[in-house]
Number of protein chains: 2
Amino acid sequence: MATGRTHRPATRSRGIPEATVARLPLYLRALTALSERSVPTVSSEELAAAAGVNSAKLRKDFSYLGSYGTRGVGYDVEYLVYQISRELGLTQDWPVVIVGIGNLGAALANYGGFASRGFRVAALIDADPAMAGKPVAGMPVQHTDDLEKIIDDNGVSIGVIATPAGAAQQVCDRLVAAGVTSILNFAPTVLSVPDGVDVRKVDLSIELQILAFHEQRKAGEESAEAAAVLPPAARAAGEDRKGPDGDVPAVMPA
Amino acid sequence: MATGRTHRPATRSRGIPEATVARLPLYLRALTALSERSVPTVSSEELAAAAGVNSAKLRKDFSYLGSYGTRGVGYDVEYLVYQISRELGLTQDWPVVIVGIGNLGAALANYGGFASRGFRVAALIDADPAMAGKPVAGMPVQHTDDLEKIIDDNGVSIGVIATPAGAAQQVCDRLVAAGVTSILNFAPTVLSVPDGVDVRKVDLSIELQILAFHEQRKAGEESAEAAAVLPPAARAAGEDRKGPDGDVPAVMPA
DNA sequence: GAGTGTGAATAGTTTCACAGCG
DNA sequence: CGCTGTGAAACTATTCACACTC
């Protein structure tokens, strides 16, 4: 993913590792919860547990941001919330457009977590003329024709694509041409974008397939005990895995 | 405190690296598209382009599955579709339950990609008695009370959680107790599960925050040119980063 | 004493580049 | 030849373990 090439002077890169960036939101959420309970400080151990990582990783992650803790004590919750928010760019307002107001798009529009931290749904856009003007999540759906104007008027740099797969690339191209440089793609397609534009994807069926892979392994590996516990539907593909290549059951058409 | 072990390091994944597993669904999708166009063979270069990765990575990935290509020619599309499907466990049927039929849960239930490959929505479950019996995506919603029975009757081993954050852990615990060993979590919470249970999460606001991080960097790094192109809303946080620790602007809302 | 911050060790992933097969 | 398959190199990420500070 992240197609964008970010040139870095190589010497003294003040770069935060991507893996760390991906965990900052997790820490932030845990910290916010602590903050709401008025907890003043946390240790790396406690916070790590709340965020579902181990403490060494968390400390290493924080070390990239700076020395924000106190030895022997831990981290000041409010201070860390601020520092991470700032690092993530959440101290500013990010107007976002959602394109494709079907079931999923509407669900996203209604999702509260959106507005929670720095993000604001600036517009809902759909290609269906029948949708135009209809209110979704208290906001009128606008027609795709006005996409460019909407992006421009609202200073949008982040777009969410929730269209059918077939329309995604086209919508993506228009968003990018209109100035959007970050895209969150819910459509099951690979988007191609020019350098400098970031794309992240969320794909239900990919996630399920990854789970299925591991699920299959579980069923296969612990034959005895697992078989007893395993639900009936799992009883099916009972064959040697990883067979030495050679012949294949004639399952393929063609 | 359910300090339970979160996640399993995907330990002995039978040799195939986790990063590779995560890409197999991508290859499979690209291959399926080729298959539908009756393309008989592809080179690693072409397939890689279609899947949005580079060809060296793709070849390396496939090498973990076996030698399924032909030198000088490429890969047989149908054969690869079959091999990857089998590796992912998609040659069998995976009944899935969705718990939490709000906006998102309903959208997921309606999502076609579900049934496409090996997955079948076996039941929709919600805690709201008013929802019980109502049809969503042509299927009656069932009440949480019957969760265990539903899991058992249908031999479900994969559960999707689309409840509010507050209910997620509780639902998770019940799913696991009932025999579910893979969970796809859409609720913005860290779930803790016993060893042997896989959890994958999909989190809109985390993805947006990651995008915001990079977006902020873009705005900051190329000051001159970018500033001209950048939309107005991006004009905001302009301060020194990485200040030597000391004082903090009183920005936090308590 | 408690707990951070971080070099060093380890593990995992991507990329290179080319030998070798069809 | 063309293109796969793969060791080796390069890079990225995680974990260890302990010096250091409060």
Side-chain angles (χ1 to χ4, degrees), chain A residues 1-3 5-8 10-11 13-24 26-27 31 39-77 79-80 83-84 210 245, chain B residues 5-24 26-27 31 39-77 79-80 83-84 210 242 244-246:
Chain A
M1 62 189 63
T3 325
R5 198 103 214 83
T6 313
H7 292 304
R8 206 167 298 289
T11 20
S13 59
R14 123 146 207 91
I16 300 180
E18 192 54 35
T20 294
V21 172
R23 281 188 295 265
L24 292 181
L26 232 51
Y27 301 144
L31 285 163
V39 176
T41 59
V42 252
S43 66
S44 62
E45 201 69 58
E46 296 165 325
L47 183 53
V53 303
N54 72 49
S55 63
K57 196 185 284 182
L58 177 142
R59 288 201 303 278
K60 183 62 111 181
D61 283 342
F62 285 0
S63 80
Y64 294 116
L65 308 185
S67 285
Y68 294 151
T70 306
R71 291 167 198 239
V73 178
Y75 301 91
D76 182 283
V77 171
Y79 185 61
L80 248 194
Q83 289 298 347
I84 295 179
I210 296 170
D245 55 274
Chain B
R5 299 254 35 95
T6 312
H7 227 58
R8 49 134 47 277
T11 326
R12 47 201 2 266
S13 268
R14 191 48 220 163
I16 301 181
E18 193 54 35
T20 295
V21 172
R23 280 186 296 265
L24 292 181
L26 232 50
Y27 301 144
L31 284 164
V39 176
T41 59
V42 252
S43 67
S44 63
E45 201 68 58
E46 296 165 325
L47 183 52
V53 303
N54 73 48
S55 63
K57 196 184 284 182
L58 177 142
R59 287 200 304 278
K60 183 61 112 182
D61 283 344
F62 285 0
S63 80
Y64 293 116
L65 308 184
S67 285
Y68 294 151
T70 306
R71 292 169 198 239
V73 178
Y75 301 91
D76 181 283
V77 172
Y79 185 61
L80 248 195
Q83 289 299 346
I84 295 180
I210 295 169
K242 189 47 179 189
D245 54 81

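A, B, ... follow the sequence lines: proteins, then strands. Residue 1 opens every chain. Atoms considered below: every heavy atom in the structure, side chains included; atoms not considered: hydrogens, waters and symmetry mates.
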Are B:Ile16 and B:Asp61 side-chain neighbours, meaning at least one heavy-atom pair lies under 4.5 Å? no
End-to-end bend of the helix from C:dG1-D:dC22 to C:dG22-D:dC1 (five-pair axes, 10° rounding)? 10°
Rounded to the nearest 0.5 Å, the CG atom of B:Leu58 sits from the CD atom of B:Glu45 at a distance of 9.5 Å
Contacts of type ring-ring contact (aromatic ring centres under 6.0 Å, His included), residue A:Phe62, not counting sequence neighbours: A:Tyr27, A:Tyr75
Please list, pair by pair, any protein nitrogen or oxygen found under 3.5 Å from a nitrogen or oxygen in nucleotides 19-22 of chain D.
unit_1 : atom_1 : unit_2  : atom_2 : d
D:dC20 : O2     : A:Arg71 : NH1    : 3.0

For A:Ser44, what residues pass the side-chain hydrogen bond (donor to acceptor under 3.5 Å, both in side chains) criterion, not counting sequence neighbours? A:Arg59
Heavy-atom contact window of chain B on DNA chain C, given 5' to 3' at under 4.0 Å: C:dT13 to C:dG22
Check: A:Thr20 and A:Lys60 side chains under 4.5 Å, non-hydrogen atoms: no
What distance separates A:Leu80 CG from A:Leu65 CG, expressed to the nearest 0.5 Å? 8.0 Å
Heavy atoms under 4.0 Å, any strand shown: does B:Tyr75 hit a base, just sugar-phosphate, or nothing? sugar-phosphate
In this structure, OG1 of A:Thr41 is separated from CG of A:Leu47 (nearest 0.5 Å) by 11.0 Å
When you check every protein heavy atom under 4.0 Å of nucleotides 11-17 of chain D, what one-letter string (B, S, -) results, 5' to 3'? --SSB-B
Is there side-chain contact between B:Asp76 and B:Thr70, with at least one heavy-atom pair below 4.5 Å? no
Before giving the answer on side chain to side chain contact (heavy atoms under 4.5 Å, CB included), spell out for B:Arg23 and B:Val53 the whole-Å C-alpha distance, their side-chain angles and the decisive distance to 0.1 Å. CA-CA 9 Å; B:Arg23 280 186 296 265; B:Val53 303; 4.0 Å; yes
Using side chain to side chain contact (heavy atoms under 4.5 Å, CB included), reason through A:Glu18 and B:Ile210 one step at a time and then give a plain yes or no. CA-CA 9 Å; A:Glu18 192 54 35; B:Ile210 295 169; 4.0 Å; yes
